[in-house]
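Chain identifiers are assigned alphabetically (A, B, ...) following the order of the sequence lines, protein sequences preceding nucleic acid strands; residue numbering begins at 1 within each chain.
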Amino acid sequence: MSEPRETNPITDFKANVILLGAKTALLKAQDVGISPQSLAELKRQADIIKSNERQGIEK
Amino acid sequence: MNLTRRELCFKFIPVVTTGLVLAACGPKQNRAPSAITESAPVIDPEKEQLQAEVTLAQIYNKVISDNEANNSYGIEGMPSSVPPVSVLTYVQENDVLIPALVASQPLVNAIPEFVQANSVGLTAFLETNLVNFFHWVNHSKDAGLEVTQLFRFLQMVKNGIVEPCLRGDPGTLIFSRSASSLNGVDLKGVYMFVNRVGGLANQWVAIVDQESGALITAYDSSLNGNNVATAKEALKTISREINRGASQTVPSMVNQNVRNIWQSTDPKTFTNVMLESLKYAMQVKLAELGYQLKDIGGNLASVLRTLPNKFTLFAVPAMVFCETPNIGDIICPANKDNKIID
């Protein structure tokens with residue numbers, strides 16, 4: 001099994017959500033040590049990304 | 001009457017939960033009743049605690065019998081999205097997971113039995129919510145521990161990572177990173193304690209809040225994306241941290257508060273780590289719900305009192321966090337045998 005593409009948990013957060021899934025992307029981001037408010041904001045972003053993905057599939 | 005978990009939880013919200021949430025979120029170390037709120041009505045903590053325990057014992061017995069009858073826990077997950085509306089509007093329209101603490105000896109006693117009696121559903125619920133509540137328990141299994149073994153994981157972090165670093169043992173490193181912003185994300189000021197005594201393929205790191213000493217996370221930094229330990233990945237962890245602005249430091253330069261907490265040999269003092277970690281975890285959860293602690297301040301109690309009963313509560317037995325049991329303290333009442341569930 002090949003190693004997943006290396007991504008930065010913060011700067012590549014959107015890519016991580018798409019490639020690895022929202023939960024994994026958020027877990028990786030938390031390992032960096034971010035503020036509670038920023039974590040909440042990232043969660044919101046992840047929800048939006050996943051929602052857009054679902055809508056794209058449904059269309 | 002079928003009593004779901006939501007109904008069960010809602011019944012032990014009132015004074016106990018409100019006070020505990022405030023105490024856990026507030027900036028004060030003193031968790032005596034007088035420190036909770038000045039405007040709250042005068043209560044008899046001992047009477048309140050006893051009443052809460054009687055109620056909980058009744059609820060527990062009822063839940064056991066109901067679950068034996070229908071094997072239903074009423075468990076639902078946390079909503080995946082948090083729309084930009086007020087908390088009250090949101091909880092009125094959705095089932096919301098509210099983190100809270102319950103300092104009840106009957107509950108603490110009941111949890112292990114309850115888990116054993118209802119192992120599949122409730123264990124799954126506890127594991128799911130512990131992982132959501134304390135981020136670092138996600139890494140417990142890499143240390144050979146279950147996610148419910150909170151104190152054992154913390155002991156591993158203390159004895160196996162932080163203390164060797166603070167002693168300056170060979171094979172250890174300490175990095176310091178000031179609070180900063182990266183791509184609009186606020187990074188906390190942290191220490192990264194690195195222990196590679198076991199080799200680069202077994203390099204555990206602990207990320208600790210510079211001010212409070214709270215454990216933000218601890219993980220085996222040698223594990224790559226495929227969960228395979230490599231020296232390359234261990235080195236990448238260090239280089240990434242340096243790229244985020246971290247610099248190497250020495251034990252004597254570490255915040256005295258952090259050193260006091262993590263080097264303490266008094267188990268009562270060590271519970272401060274759990275308490276500080278709990279505060280951080282609660283802030284995360286509250287922020288996810290759209291809360292800003294600085295905005296709600298002392299009004300949190302009144303907000304909680306107005307919450308409708310259509311919401312979910314995650315109860316943590318707070319007794320394990322007690323540093324000094326005191327008869328006047330509703331969080332840590334005296335004359336009780338504190339029990340750690342793991």
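Interatomic distance, CG of B:Asn183 versus NZ of A:Lys14, reported as 13.0 Å (0.5 Å rounding). A:Ser35 contributes atom OG, which lies 11.0 Å from atom CG of B:Asp209 (distance to the nearest 0.5 angstrom). With rounding to the nearest 0.5 angstrom, the CD1 atom of A:Ile10 is 10.5 Å from the CG atom of B:Asp186. Atom CG of residue A:Leu27 and atom CG of residue B:Asn138 lie 4.5 Å apart, to the nearest 0.5 angstrom.
Of all heavy-atom pairs spanning A:Gly33 and B:Arg177, the tightest one is O-NH2, 3.4 Å. Here the closest heavy-atom approach between residue B:Gly184 and residue A:Ser38 is recorded as O-OG, 4.3 Å.
For the residue pair B:Thr217/A:Asp31, the side-chain donor-acceptor check at 3.5 Å is satisfied.
In B:Gln248, the CD atom is crowded: over 12 heavy atoms of neighbouring residues, nucleotides or ligands sit closer than 6.0 Å. For A:Lys50, the NZ atom counts as densely surrounded, since its 6.0 Å shell holds more than 12 non-hydrogen atoms of other residues, nucleotides or ligands.
When heavy atoms are compared at a cutoff of 4.5 Å, B:Leu187 approaches chain A by way of both its backbone and its side chain. For A:Leu42, the part lying near chain B is the side chain, with the backbone staying farther off; criterion is any non-hydrogen pair under 4.5 Å.
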